[in-house]
Amino acid sequence: MEIKPGIYTHYKGNRYEVLGVGKHSETLEDMVVYRALYASDEFSGGSLWIRPLHLFKGFVTVDGRKVPRFEKV
């Protein structure tokens, strides 16, 4: 499973920039490293996030439909 760097939209509407994939230091699991392209009350714009690759590339159910968690713009 691979992912290309670039801009992605989360299914809730916010945009993120995927910087790349790193490895979890203990489990060697692939982790997506991405930056928020917006600010909120909880964190500043540009904050970095990580998520397991299989979850980043996974699907969620919204209004009874299965949709990608993130989609490349």
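- Using a 4.5 Å cut-off between side-chain heavy atoms of Ile, Leu, Val, Met, Phe, Trp and Tyr, with links allowed through other members, L55 and Y34 fall into different hydrophobic clusters.
- Using a 4.5 Å heavy-atom cutoff, the side chains of I7 and L37 are in contact.
- Scanning both residues, G45 and A39, for their nearest heavy atoms gives N-CB, 3.4 Å.
- In this structure, V18 is not a member of the same hydrophobic cluster as L48, with clusters built from ILVMFWY side-chain heavy atoms closer than 4.5 Å.
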Evaluate the side chain to side chain contact (heavy atoms under 4.5 Å, CB included) criterion for residues Y16 and H10: first the C-alpha distance (whole Å), next the side-chain angles of each, then the deciding distance (0.1 Å), finally the verdict.
CA-CA 8 Å; Y16 297 86; H10 187 263; 3.8 Å; yes

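- In this structure, V73 and R15 have side chains that are in contact, with non-hydrogen atoms separated by less than 4.5 Å.
- Rounded to the nearest 0.5 angstrom, L19 CG and I3 CD1 are separated by 11.0 Å.
- In this structure, P68 and Y11 approach most closely via the heavy-atom pair O-CB, 3.6 Å.
- Of the options F59, F56, Y8, a ring-ring contact (aromatic ring centres under 6.0 Å, His included) to F70 is made by F56 and by none of the others.
- Two residues are said to be in side-chain contact when any heavy atoms from C-beta on lie closer than 4.5 Å; E2 and K57 fail this criterion.
- Checked against E26 for a side chain to side chain contact (heavy atoms under 4.5 Å, CB included), the options K23, E29, H24 give a single hit: H24.
- F43 and V32 fall within the same hydrophobic cluster, defined by Ile, Leu, Val, Met, Phe, Trp and Tyr side-chain heavy atoms under 4.5 Å apart, directly or through other members.
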Just do the side chain to side chain contact (heavy atoms under 4.5 Å, CB included) check on K4 and K72 with the steps written out, would you?
CA-CA 9 Å; K4 293 183 178 184; K72 194 163 189 328; 4.0 Å; yes

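- For the residue pair G22 and V33, the shortest heavy atom distance occurs at N-CG2, 4.4 Å.
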